[in-house]
There are 2 protein chains.
Amino acid sequence: MNLKELAEHLNLSQTTVSRALNGYPEVKEATRLRVEAAARANNYTPNGRAKSLATGRTMTVGHVIPLSKKHEMVNPVFGDFVTGAAESFLASGYDLMLSLVEDGKEEEHYRTIKARGNVDGIIVHGPRMHDSRIELLNELELPFVVHGRATDVTTPYSWIDMNNFRAFCRATEFLITLGHKRIALINGLEFMDFAHRRKLGYLTALESAGIKPNHDYIAGGEMTEEHGYSNAMKMLDLPEPPTAFLTSSLVVALGVRRALQDRNLVMGRDVSIITHDDDLGYLRNGGDVPIFTATRSSVREAGRLGADMLLDMIANPSDTPKQHLLEADMILGGSTGPAPI
Amino acid sequence: MNLKELAEHLNLSQTTVSRALNGYPEVKEATRLRVEAAARANNYTPNGRAKSLATGRTMTVGHVIPLSKKHEMVNPVFGDFVTGAAESFLASGYDLMLSLVEDGKEEEHYRTIKARGNVDGIIVHGPRMHDSRIELLNELELPFVVHGRATDVTTPYSWIDMNNFRAFCRATEFLITLGHKRIALINGLEFMDFAHRRKLGYLTALESAGIKPNHDYIAGGEMTEEHGYSNAMKMLDLPEPPTAFLTSSLVVALGVRRALQDRNLVMGRDVSIITHDDDLGYLRNGGDVPIFTATRSSVREAGRLGADMLLDMIANPSDTPKQHLLEADMILGGSTGPAPI
DNA sequence: TGAGTTTTTGAAAGCGCTTTGAAAGCCAGT
DNA sequence: ACTGGCTTTCAAAGCGCTTTCAAAAACTCA
């Protein structure tokens, strides 16, 4: 049933029916009730495409997820972030469109999105350090919020991010306090902005403690269990192996733990591990007692907040960009202990 | 720039321009080239909403993901499945809409989706054993493909599924061959259809070998690391603890492994583990050498195939429903060995 | 009762596209 | 020059909604 049919059925004009259903004040209360009842009875829902053509608003938000041919992995945090965002969007009546876009096709893709006009705004995922998408989107005048930041971009834009620098700085300081000097960092892909910031936090903490960084102790790559495992193995084979590991995600930490076991080292006694924990639904850091000492910040919560920011921008397009920096909690688990002598 | 402007700019009618761009044969080749060039030069892309209003096709497919209030987790396989599907949809010019829907609001949600008409088809996730959504969707005449099956549904429908029964039957048989008799199953939530089938496969294999199932050896729940850990701990404390574990996912297997370590048991020697492995991008079963013996089937591949099936249904709505059953590979890793005497 | 207000309803235009049905342009054949 | 048959183009209607502008209906008050 469409509006015209419903209007005929009610012996009213489409105008009145439309107004009644959209809460306009100039329709008599009795009429409104009659219309609403009929709409319910006939299971009428306005056609979304027609509605957005008429109003110019799509009530849809796009998530654009970069898909690199070389790194064919869709980062697991997307799932939780999108879930959080979807909760907000759902509550506000917005739909969520997902698009994967291949490396290099980004500019074209965003232009097309804008021209096709089927989203009111965009969430940008996985920013690189020098990320050209941000300027492009500013130019396109399409509201957007970035999950993360792009170090080299100077124009203002809206973002939601976790304080990667601070989290990794604190984690490193904590290890130093425990007496560790040979501290390894098993990081994400280094061209990703978050990884860059984490490394900076790590290096800063080392420097303030007067510890010279050792490049054999630093590894970057796709954040898989295998990445953690193989790099930890390599480092443990060094003449002076690290006594502590900082890892970029729980999955990587699991890989490091496996390496320790293979080398018959006891986690928290022989070697310490601190990881960042995105608090993903299906991969918690243990139950009540955390397995790993960790810096924790919920990505799902970030998704909720990011979505709210975007909805706000869509509603008030002239506002200046907003930023939101989340601080990670630091949780003590069983994976850290004093440095062995 | 819209069609009207482009047409004026070219001194042609909208009709001709539209036809030229959509590859209709009745437009002179010279004109078509001229139009195409102008479209490119002016960065013209037809408005999606208008187009779908005019054609009646939305070029959009919906993924509907159940979100239970009790089990607030979005299963990690969604991420990989959706990624696979998105690859197919992308290639065919389809957009992908995501909606999370709360338990109990499903019927309403699907009806609304249909009425709003902003998708041409749907992928249904996470079917339960008795899943009312399938009949509803059949009734709504909205093309759909289910990822998984629903045991108690008799009306025909399209699905793509992994052979859960067979995979778990084989895995159990394999353990039996190795001499194990006390075999535990750490399963997913038992009202989920896949978990039900897995349990059936497990029980069938036990029965054919004349082994009486022990209910203390069977656990169901959300597939987290903690679920694997805590249930394994409980079972290892039994007077007659299992000598082998069958787990529903890699994450659960990691939990079981942690339990073994806590009990100072060596995996593959004292206790064996076989897991199902969805071959998720970020959580591989080790590198070249698998950690766990596993039944493996790529969820991402399932996503691609499921998407193709749905596109097919959209293109040929009168076709009878199609089914696609994937068989899991069985991969030997280091987590299994002969039963200890 | 009727002029002036206010409330309530409706006709029609418009959002940007596709598509139908008609017309114009072109060519060969008589 | 004219007809018939192609090829190519166009005007206009329609997709299902919102919204503007105008008209009708219902009050208010002298």
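Here B:Arg49 lies out of heavy-atom contact (under 4.0 Å) with every strand. Note on A:Thr55: only backbone sugar-phosphate atoms sit closer than 4.0 angstrom, heavy atoms only; bases stay farther off. Within 4.0 Å of A:Ser52, counting heavy atoms only, lies no atom of the nucleic acid at all.
Regarding B:Gln14, its CD atom lies at a distance of 16 Å from the P atom of D:dG14, rounded to whole Å. In this structure, the NZ atom of A:Lys51 is 15 Å from the C1' atom of C:dC15, given to the nearest Å. In this structure, CZ of B:Arg32 is placed 10 Å from P of D:dT8, rounded to the nearest angstrom. One can place CZ of A:Arg19 at 9 Å from P of D:dT20, the figure rounded to the nearest angstrom. Counting to the nearest Å, the P atom of D:dT18 and the NZ atom of A:Lys4 are 16 Å from each other. Per the geometry, CG belonging to B:Asn22 stands 8 Å off P belonging to C:dT19, to the nearest Å. As a whole-Å value, the separation of B:Met1 CE from C:dG16 C1' is 14 Å. The CD atom of A:Glu8 sits 12 Å away from the P atom of D:dG16 (whole-angstrom rounding).
Heavy-atom distances to DNA chain D give each of B:Thr15 and B:Ala50 a nearest nucleotide, and the one nearer the 5′ end belongs to B:Thr15. Mapping A:Ala54 and B:Ala54 onto DNA chain D via the closest heavy atom, the residue that lands nearer the 5' end is B:Ala54. The residue among B:Tyr44 and B:Glu26 whose nearest nucleotide of DNA chain C lies closer to the 5′ end is B:Tyr44.
Remark: B:Arg304 engages B:Glu301 in a salt bridge, criterion side-chain N to carboxylate O under 4.0 Å. For B:Asp103 and B:Arg128, the salt-bridge test passes: some basic side-chain N is under 4.0 Å from an acidic carboxylate O. Salt-bridge check for A:Arg111 with A:Glu107: passed, with a basic side-chain N closer than 4.0 Å to an acidic carboxylate O.
Between A:Phe89 and A:Tyr94, the ring planes are tilted. Angles from 30° to 60° get that label.
Among D:dC15, D:dT18, D:dT8, the nucleotide with an atom closest to any side-chain atom of B:Lys28 is D:dT8. For A:Val27, the listed nucleotide lying nearest its side chain is C:dT9; candidates were D:dA11, C:dT9, D:dG16. Picking from D:dC10, C:dG16, D:dC17 the nucleotide with the shortest atom distance to the side chain of A:Leu3 gives D:dC17.
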Starting from the C-alpha separation in whole Å, work towards a yes-or-no answer on side-chain contact (heavy atoms from CB on, under 4.5 Å) for A:Tyr157 and A:Leu137. CA-CA 9 Å; A:Tyr157 60 96; A:Leu137 282 167; over 6 Å; no
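At a cut-off of 3.5 angstrom, the base of C:dG16 holds no donor-acceptor pair with the side chain of A:Arg116. The base of C:dT9 does not come close enough to the side chain of A:Thr31 for any donor and acceptor atom to sit less than 3.5 Å apart. Below the 3.5 angstrom threshold, one finds no donor paired with an acceptor across the side chain of B:Arg34 and the base of D:dT9.
When the side-chain nitrogen and oxygen atoms of A:Tyr24 are compared with OP1 and OP2 of D:dT18, none of them lie within a distance under 4.0 Å. Side-chain N/O atoms of B:Ser13 include none lying less than 4.0 angstrom from OP1 or OP2 on D:dA11.
Between the B:Asn138 side chain and the B:Pro156 main chain, a donor and an acceptor come within less than 3.5 Å of each other.
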